[in-house]
Amino acid sequence: QVQLVESGGGLVQAGGSLRLSCAASGIIGSINVMGWYCQAPGKQRELVAHITSGGYRNYADSVKGRLTIARDTAKHTVFLQMTSLKPEDTAVYFCNVQVINLRNGTSRNYWGQGTKVTVPA
């Protein structure tokens, strides 16, 4: 059974930094894309950043230059280094992992339980 365990969220003042981690276990297959999404109160979940198995990174415009995504492929872990945090970054951050079934080529997405980041105004 695939499990994603996130950590690193918390309360931080504007301009501060946090580092989120997400460790995946129970993986059978190959991890392709690993990413982070956020959901602010009253809003839909949206992409923050993702990184492919080849190292290609994609960021939401609102976080470019402030947030950096990285992965440790051997440990099935993805990180989100958050700097210059703003009140509008306040949200629950969810880890997402796409796993490829090597027998039939199908893929499946898994979600973490979320970790809350709060940046007071």
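Note: hydrogens, waters and symmetry copies are ignored here, and every other heavy atom, side chains too, is used.
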Could you list the residues that satisfy side-chain contact (heavy atoms from CB on, under 4.5 Å) with Thr73, not counting sequence neighbours?
Arg71
Name all pairs fulfilling the salt bridge (charged side-chain N to carboxylate O under 4.0 Å, His left out) condition that reach into residues 84-94, sequence neighbours left out, sorted by first residue then second.
Arg66-Asp89
Considering only distance and modelled atom types, tabulate donor-acceptor pairs under 3.5 Å from the side chains of residues 7-15, sequence neighbours left out.
none

Does anything in residues 30-78 pair up under disulfide bond (SG atoms under 2.5 Å apart), and if so which pairs, sequence neighbours excluded?
none
How about Asn109 and Gln98: does a side-chain donor come under 3.5 Å of a side-chain acceptor?
no
Return each pair, listed once, that meets salt bridge (charged side-chain N to carboxylate O under 4.0 Å, His left out) where at least one residue sits in residues 34-59; pairs must be two or more places apart or across chains.
none
To the nearest 0.5 Å, how far apart are CG in Asn32 and OG in Ser107?
8.0 Å
Kindly check if the number of other-residue, nucleotide or ligand heavy atoms within 6.0 Å of CD1 (Ile28) is above 12?
no
Using the rule that two of Ile, Leu, Val, Met, Phe, Trp, Tyr join whenever any of their side-chain heavy atoms come within less than 4.5 Å, decide whether Val63 and Ile69 are in one cluster.
yes
What's the shortest heavy-atom distance between Ser21 and Trp36, and which atoms?
O-CH2, 3.6 Å
Can you list the residues that meet the side-chain contact (heavy atoms from CB on, under 4.5 Å) rule with Val117, with sequence neighbours excluded?
Leu18, Leu20, Met82, Tyr93, Val119
May I ask whether Phe79 and Val97 are part of the same hydrophobic cluster, defined by side-chain heavy atoms of I, L, V, M, F, W, Y residues being less than 4.5 angstrom apart, directly or through others?
no
ring-ring contact (aromatic ring centres under 6.0 Å, His included) pairs, two or more places apart, involving residues 47-78
none
By the salt bridge (charged side-chain N to carboxylate O under 4.0 Å, His left out) test, which pairs, at least two apart or in different chains, include something from residues 97-121?
none
Could you walk me through whether Leu67 and Leu80 pass the side chain to side chain contact (heavy atoms under 4.5 Å, CB included) test, one step at a time?
CA-CA 7 Å; Leu67 275 58; Leu80 187 67; 3.9 Å; yes
Are Ile27 and Ile100 connected, step by step, through hydrophobic side chains (Ile, Leu, Val, Met, Phe, Trp, Tyr) whose heavy atoms are closer than 4.5 Å?
no
Does any pair with a residue in residues 64-121 pass disulfide bond (SG atoms under 2.5 Å apart), and if so which ones, sequence neighbours excluded?
Cys22-Cys95
Check Ala121 against Pro87 and note the closest heavy-atom contact, atom names and distance.
CA-CG, 3.7 Å
With sequence neighbours excluded, residues passing side-chain contact (heavy atoms from CB on, under 4.5 Å) with Ser17
Gln81, Thr83
Quick one: name the residues clustered hydrophobically with Trp111, using the 4.5 Å side-chain heavy-atom rule over I, L, V, M, F, W, Y, and just say none if it's on its own.
Tyr37, Leu47, Val92, Phe94
Report yes or no: does Ser62 contribute a side-chain atom to a donor-acceptor pair with the main-chain N or O of Ala60 at less than 3.5 Å?
no
Suppose we screen for ring pair (Phe, Tyr, Trp, His ring centres under 6.0 Å). Which residues come up paired with Tyr110, at least two apart in sequence or across chains?
none
